There are 2 protein chains.
Amino acid sequence: MRGATTGLSVAHGIVGIICNGGYNINKLCAVGEAIACDRGRRSGKVTVSIREVAKRAGVTHGTVSKVLGGNPKYSIPQSTRQRILSAVDELGYRPNYLAQSLKLGRTDIYGFYSGSRHFEIPNAYIANILEGLRAGCNECEKDLLLVGTFRGTDPVTVYNALANGKIDGLVVFMYEYDALCAALANSSLPVVAIVDPVPSIPSVSLDEQMGGRLIAEHLAERGHRRVVYCTAYAPMASALERHAAFLREAERLGLAVLEFADHAGFEELDAYMALPVSERPTAVVCWHDRAAESLLGHCSDLGISVPTELAVIGFDGVPFSPESQMRLTTVVAPWRDVAREAVRLLDRRVAGDAIPPLTHLSVEFKEGATG
Amino acid sequence: MRGATTGLSVAHGIVGIICNGGYNINKLCAVGEAIACDRGRRSGKVTVSIREVAKRAGVTHGTVSKVLGGNPKYSIPQSTRQRILSAVDELGYRPNYLAQSLKLGRTDIYGFYSGSRHFEIPNAYIANILEGLRAGCNECEKDLLLVGTFRGTDPVTVYNALANGKIDGLVVFMYEYDALCAALANSSLPVVAIVDPVPSIPSVSLDEQMGGRLIAEHLAERGHRRVVYCTAYAPMASALERHAAFLREAERLGLAVLEFADHAGFEELDAYMALPVSERPTAVVCWHDRAAESLLGHCSDLGISVPTELAVIGFDGVPFSPESQMRLTTVVAPWRDVAREAVRLLDRRVAGDAIPPLTHLSVEFKEGATG
DNA sequence: GTGAAAGCGCTAACAC
DNA sequence: GTGTTAGCGCTTTCAC
């Protein structure tokens, strides 16, 4: 048995040793800073500014700025530069981002705003989107600001919270009929929409046509003739487009399509299932995996065997942990990539490039055990 | 069958109708803004400032500031106030956050930084932490900045990126032996650590003592005599503390404990399982659910039946979707609450209150089907 | 090569 | 009640 308890008992000691040994603490916790700790934030000067560095180095603050800015256009001799850098070190000077940003009109922060009422990060679909945003921001070296929803729903207030200089660009996730869209579209703030494409805002979304088509083809191939489509609780452009594509393809393939709405419970579906066998649907296409999972529960409750009696097809395919994932037949949507691509486009847009109004990412049919 | 296709075909039309009908577009997309769109950001003045509002209202910018600031200390007559508000409306003025923040020394943004190399949002554990941060920030009306990791690992650089005025407070998630800790502890930036407690930084974490104890008690109750503890890949204070608590309690209860490390594969465990029955362990306690899930896979591969031959206990209990979650016996950790509590404390700290150096949240034993 | 000065947009103390 | 002014910390143009 190994001595893990020993490791624990000295754990606090380790901190001091490693920290003091490894780095110049003066650089991290400088004189000015220590004073600041004592006084608290409100009583007087807390941070050391460029002017104090200048004084200590015997130059003016303009010169300090030139050295620190690193613009090769100004040639500052090594001696002065060295004096300034020493002063920076000794005083523990750190440039104030706010002042810098105000002057430069740039914050190096991208924002994300979701108007969705159903926004919950542990929802794997959302988590993947956030991960994509994070990855994208890391790539282009920006921090990511999650703009809070506490401001309510008044578009003017929300817009003001978004377009006030705090961020250099914005990724949004909202319905195209949100009043905010018009404002953002006309704003000078670079914006990219994800998931639900928004007209007049560059958007990154799934190839919903492909999604709808793949599902219809699969069902037809499997010999289904009558199927049910379970629609979204809200008229989201992306879901509608997939729905329409599905219907088009279903018609072409001779599939009869019944419908019921996700939010309305299973009464309608139950009614369909009570039809005589000749008229009874043999598959349900759900607008997303969660609806499909809930339906599977319902089938299990009613003793409907899946997929023999009823096939169930989802849409999303966001991997939970591989082991725990249900073997749902679904269409895998690259949410992570959607978000990351959005940030990449945003970055190009911010840099002044033109970007495509609409970017579609392919989806992939994934045959599971439910249909 | 319902006509969803109709809804789709007019979808784009809806935008205009709803947006124009519902709100004052001038407020959202004002004159100055429209011009800005044309010119782009770099060519000249983009935003309308308080001075332009002042000019239009026939007052000075100081007066405008007073009206907009809403400080009751200054009493501005209705007539002037009205003129100013109209000008604000007509010009589509929005206060510049950067300027405001620079002046006030406050950004209304809380930051989150994770030094962990394993930071991936789709990991349910992380997702729940982020959700807690989001909820907490929403409660105290702050935006949440995810500080990127692209700056590398040099503590000076990272520290500069954190303590530069960009945020009012910080929640961190890192090992206590990270060099950054010392810097943050001495910084004037209010900081709260989560998950792994950091000495000298107020921390919110789980009651690991309780976690370790609950597991040992459960195993003893179930009649186990020889168990294996699967340890973390890194010496995290929280995991070490739980481990130690488990060992203590196990000893008290007369449980023999073998060990193996998560990262080292299953060779050690296999060796234990090859022992004669009298010496063979009957349960494995994993330092977190992921390790447990992976172990379950291993057992399944080797034909070891769980929990008959070997009980498997996890730690985390973050719910994936309820339907898809494995029925793992585990200890449920309230990650969401840990993060939310951290933000609440941070908010109090920023307001000037004293906050406890250490906050522990209770965990809950959850009996599943694996032990 | 370095200094002086203007100004980013805002708030707040002080004067009238 | 309103105007004036200083200044938050920084960058950058223009003199010297």
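Any value given below was found using the heavy atoms of this structure, including those in side chains, with hydrogens, waters and symmetry copies removed. Predicted, not measured: the structure shown is a model, and the values here were computed from it. A note on names: the letters A, B, ... follow the listed sequences, proteins ahead of strands, and every chain is numbered from 1.
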What string of B, S and - do you get for nucleotides 10-16 of chain C, 5' to 3', if B is base contact, S is sugar-phosphate-only contact and - is no contact with any protein heavy atom under 4.0 Å?
BBBB---

Looking at residues at least two apart in the chain, or sitting in another chain, which of them share a side-chain contact (heavy atoms from CB on, under 4.5 Å) with [X]?
| X | value |
| --- | --- |
| V53(A) | V48(A), V64(A), I84(A), A87(A), V88(A), L91(A), Y93(A) |
| S101(A) | Y97(A), T107(A), L98(B) |
| T359(A) | V204(A), E341(A), L345(A), P356(A), L361(A) |
| L85(A) | V67(A), L68(A), R81(A), Q82(A) |

Looking at residues at least two apart in the chain, or sitting in another chain, which of them share a side-chain hydrogen bond (donor to acceptor under 3.5 Å, both in side chains) with R340(B)?
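Per chain and number, R340(B) pairs via side-chain hydrogen bond (donor to acceptor under 3.5 Å, both in side chains) with D337(B).
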
Using rotation axes that map the C1' atoms of four end pairs onto the next four (five pairs an end), what angle separates the end axes of the helix from dG1(C)-dC16(D) to dC16(C)-dG1(D), to 10°?
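For the helix from dG1(C)-dC16(D) to dC16(C)-dG1(D), the axes at opposite ends meet at about 50°.
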
When we call it a touch if two heavy atoms are under 4.0 Å apart, what does L102(A) touch: a base, just sugar-phosphate, or nothing?
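Base, at least one base heavy atom under 4.0 Å.
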
In whole angstrom, what separates I84(A)'s CD1 from dG1(C)'s P?
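About 14 Å, once rounded to whole Å.
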
Which whole-number value in Å describes the distance from I76(B) CD1 to dG3(D) P?
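After rounding, the reported distance stands at 10 Å.
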
Show every donor-acceptor pair shorter than 3.5 Å between a side-chain atom in residues 134-147 of chain A and any protein atom, with sequence neighbours excluded, or say none if there are none.
from, atom 1, to, atom 2, distance (Å)
R134(A), NE, E131(A), OE1, 3.1
R134(A), NH2, E131(A), OE2, 3.1
R134(A), NH2, F119(B), O, 3.0
N138(A), OD1, T149(B), N, 3.2
N138(A), OD1, F150(B), N, 3.0
N138(A), ND2, T149(B), OG1, 2.9
E139(A), OE1, R344(A), NE, 2.8
E139(A), OE1, R344(A), NH2, 3.3
E139(A), OE2, R344(A), NH2, 2.9
K142(A), NZ, C140(A), O, 3.2
D143(A), OD1, G148(B), N, 2.7
D143(A), OD1, R151(B), NH1, 3.3
D143(A), OD1, R151(B), NH2, 3.3
D143(A), OD2, R151(B), NH2, 2.8
D143(A), OD2, K166(B), NZ, 2.8

ring-ring contact (aromatic ring centres under 6.0 Å, His included) with Y175(A): which residues, sequence neighbours excluded?
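Testing Y175(A) for ring-ring contact (aromatic ring centres under 6.0 Å, His included), a comparison that skips the adjacent residues, returns Y177(A).
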
Could you check whether any side-chain N or O of R51(B) sits under 3.5 Å from a backbone N or O of H61(B), counting only pairs where one atom can act as donor and the other as acceptor?
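Side chain of R51(B) to backbone of H61(B), a donor-acceptor pair under 3.5 Å: no, none is there.
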
Is the distance from OP1 or OP2 of dT2(D) to the nearest side-chain N or O of T80(B) less than 4.0 Å?
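For dT2(D), OP1/OP2 do have a side-chain N/O of T80(B) under 4.0 Å.
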
